[in-house]
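I have placed the structure first, in the form of structure tokens, so that the comments after it can refer back to it.
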Amino acid sequence: MLFDVEILKKIDEELKKYVDKNDDLYNASKHLLFAGGKRLRPYLTVITYKLKKDNVEEILPAAAAVELIHNYTLIHDDIMDNDDERRGKPTVHVVYGEPIAILAGDLLYAKAFEAVSNIKDSKKAHDVLKVLSKACVEVCEGQAMDMKFENYNPSMEEYLEMIRKKTGALLEASVEIGAIMADCSEEEKNALREYAKRIGLTFQIQDDVLDLIGDKNKIGKPVGSDIREGKKTIIVIHALKTLDEEKKKKLLEFLGNKNIGEKEIKEAIEILKPSIEYAKELMKIKTEEAKNYLKIFDEERRKVLEDLADFIISRIH
């Protein structure tokens, strides 16, 4: 089994310590936190740590900090995007209203730094703090870039920079924090950063692919919603660069048109097929690159990280 149930249980127990109150604010902050997320980021932190060390208790506050930050970004992201559903459930602002949702996100953000303060080794706590705060800045920068793209067609380079920040920064931080806690060397930290950069990229591209060819019930939102919202994904950017004029014109008619029906969505997906294939190929290349960076670690211990890289591009939600 890819995800060790015992580790996931320990992560959940650690997270509960930070939101252990029963009122609207805390219930709002728990709404997504325990709504069946994959726990990919804290899990990455733990299994990176386990490349060199086995005392899982030592890494739990750091792993919790990463997941608390992640959930803070999701709540605020849903408000900005006006999304009604996430993980098949109504979003926090839909259930509790926007003011409480904003506060719930802020609470999780603050609790993440409380978790960092529970790291026993103060030098490591300081280093983790630096990595985490840098990731928070980059996530905000990436989100701002993504919003800016609504008004123009970004280049492939701009898009890749945006997802490196918006999606990749926290995945990179998850791995780097595990490396700090495990006393990894600079060479090992660099290798892990390169690994994380690539799985951050493939994670977002797979999301873009799933939006077009995924199962609505699995991805927790209607298929093709990125088309209605006019999202400039890697697939759309590639298509606009490579399609003939007629198909490009047709695609631009659909992009960002909130009133299009299932028929038009299907037509748009058909037009995008070659670009979906391009995205899938790119993910395969980046996954192999990611796994190559792990070669400096013990073969048995690195296997979970290798399997995780494969899981990211084969997941269905």
Side-chain angles (χ1 to χ4, degrees), residues 1-15 36-60 62-64 66-67 70 87 131 135 163-164 167-185 187-210 213-215 218-220 234 279-317:
M1 188 184 281
L2 177 57
F3 287 88
D4 184 318
V5 180
E6 275 311 301
I7 291 174
L8 291 174
K9 206 169 118 191
K10 283 182 172 168
I11 291 167
D12 274 9
E13 281 164 8
E14 185 68 23
L15 285 166
K38 287 181 280 296
R39 300 280 186 253
L40 178 63
R41 289 152 193 83
Y43 194 72
L44 263 172
T45 303
V46 175
I47 61 173
T48 302
Y49 172 84
K50 280 174 71 66
L51 283 168
K52 307 286 292 278
K53 291 191 169 188
D54 292 309
N55 177 18
V56 172
E57 299 304 317
E58 184 191 13
I59 189 71
L60 288 175
V66 169
E67 184 68 358
H70 175 54
R87 296 174 184 158
V131 169
I163 61 174
R164 189 193 68 72
T167 306
L170 204 50
L171 283 164
E172 212 176 308
S174 306
V175 167
E176 194 168 352
I177 287 166
I180 288 165
M181 297 299 293
D183 296 314
C184 285
S185 68
E187 185 199 358
E188 288 168 335
K189 280 182 195 164
N190 284 332
L192 286 162
R193 271 192 287 266
E194 294 299 331
Y195 162 84
K197 268 181 192 147
R198 283 153 183 80
I199 63 166
L201 181 71
T202 58
F203 188 90
Q204 184 58 53
I205 297 173
Q206 179 68 345
D207 263 6
D208 296 344
V209 168
L210 287 173
I213 58 169
D215 176 337
K218 298 270 193 330
I219 59 175
I234 197 166
K280 285 179 174 177
E281 275 311 305
L282 183 62
M283 284 195 288
K284 281 183 198 161
I285 293 163
K286 292 297 169 191
T287 300
E288 285 313 306
E289 285 177 10
K291 292 195 286 190
N292 281 334
Y293 277 104
L294 298 173
K295 293 240 156 68
I296 61 170
F297 294 101
D298 174 78
E299 197 174 334
E300 205 176 309
R301 286 188 178 242
R302 73 178 188 237
K303 191 176 182 327
V304 192
L305 283 165
E306 290 171 341
D307 290 347
L308 205 66
D310 288 326
F311 161 76
I312 283 170
I313 64 165
S314 62
R315 69 197 165 92
I316 52 171
H317 60 85

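No more than 12 heavy atoms of other residues, nucleotides or ligands lie within 6.0 Å of NZ in K303, so this atom counts as exposed by the packing criterion.
Note: I47 CD1 to L305 CG = 4.0 Å, rounded to the nearest 0.5 Å. To the nearest 0.5 Å, atoms CD1 (I59) and CG (D54) are separated by 12.0 Å. Atoms CG and CD, on L192 and E194 in that order, are 10.5 Å from each other to the nearest 0.5 Å. Once rounded to the nearest 0.5 Å, the distance linking CG of L171 with CD1 of I312 reads 6.5 Å. The line from OG1 of T202 to CD1 of I285 is 12.0 Å long, rounded to the nearest 0.5 Å. In this structure, the separation between CG on N190 and CD1 on I296 is 8.5 Å, given to the nearest 0.5 Å.
Nearest heavy-atom pair, A279 versus I205, reported as atom, atom and distance to 0.1 Å: CB-CG2, 3.7 Å. Between A173 and A135, the closest heavy-atom pair is CB-CB, 3.7 Å. Of all heavy-atom pairs between T48 and G178, the closest is CG2-C, 4.0 Å. The minimum heavy-atom distance between A290 and I199, with the atom names listed, is CB-CG2, 4.1 Å. Minimum heavy-atom separation, P42 to E67: CD-OE1, 3.0 Å. Heavy-atom minimum distance, K50 versus R301: O-NH1, 2.6 Å.
The aromatic rings of F3 and F311 lie perpendicular to each other, with more than 60° between the two planes, well past the 30° mark.
Residues L44 and Y195 meet the side-chain proximity criterion, which asks for heavy atoms closer than 4.5 Å. By the 4.5 Å heavy-atom criterion applied to side chains, E172 and R164 are counted as neighbours. The closest side-chain heavy-atom distance from K189 to I180 is below 4.5 Å. With a 4.5 Å cut-off on side-chain heavy atoms, I11 and T45 do not count as touching. At a threshold of 4.5 Å between non-hydrogen side-chain atoms, the residues N55 and Y49 count as touching. Using a 4.5 Å heavy-atom threshold, the side chains of I313 and V209 count as separate. A heavy-atom distance below 4.5 Å is found between the side chains of K38 and R315. You'll find the side chain of H70 stays beyond 4.5 Å of the side chain of L40, heavy atoms only.
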Check against side-chain contact (heavy atoms from CB on, under 4.5 Å), V46 and K10:
CA-CA 10 Å; V46 175; K10 283 182 172 168; over 6 Å; no

Carefully, step by step, assess K52 and D183 under the rule salt bridge (Lys or Arg N to Asp or Glu O under 4.0 Å).
CA-CA 8 Å; K52 307 286 292 278; D183 296 314; over 6 Å; no

Pair Q206, L210 - check side-chain contact (heavy atoms from CB on, under 4.5 Å), show working.
CA-CA 6 Å; Q206 179 68 345; L210 287 173; 4.1 Å; yes

Begin from the C-alpha positions of Q204 and D208 and carry the test side-chain contact (heavy atoms from CB on, under 4.5 Å) through to its verdict.
CA-CA 6 Å; Q204 184 58 53; D208 296 344; 3.0 Å; yes

For a side-chain contact (heavy atoms from CB on, under 4.5 Å) check, start with the C-alpha distance between M283 and I234, then their side-chain angles and the critical distance, and finish with the verdict.
CA-CA 11 Å; M283 284 195 288; I234 197 166; over 6 Å; no

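A donor-acceptor pair is defined here as one N or O able to donate and one able to accept, closer than 3.5 Å; no such pair exists between the side chain of Y293 and the backbone of R193.
In this structure, E187 has no side-chain hydrogen bond (donor to acceptor under 3.5 Å, both in side chains) partners at least two apart in sequence or on a different chain. Listed by chain and number, the residues in a salt bridge (charged side-chain N to carboxylate O under 4.0 Å, His left out) with K291 are E288, D310 (sequence neighbours excluded). Annotation: side-chain hydrogen bond (donor to acceptor under 3.5 Å, both in side chains) contacts of D298 (sequence neighbours excluded): none. Considering only residues two or more places apart in sequence or on other chains, K286 meets the side-chain hydrogen bond (donor to acceptor under 3.5 Å, both in side chains) condition with E289. Every residue two or more places apart in sequence or in another chain that forms a side-chain contact (heavy atoms from CB on, under 4.5 Å) with E6 is listed here: D4, K9. Under the side-chain contact (heavy atoms from CB on, under 4.5 Å) criterion, R302 pairs with L51, L294, K295, F297, E299, E306, not counting sequence neighbours.
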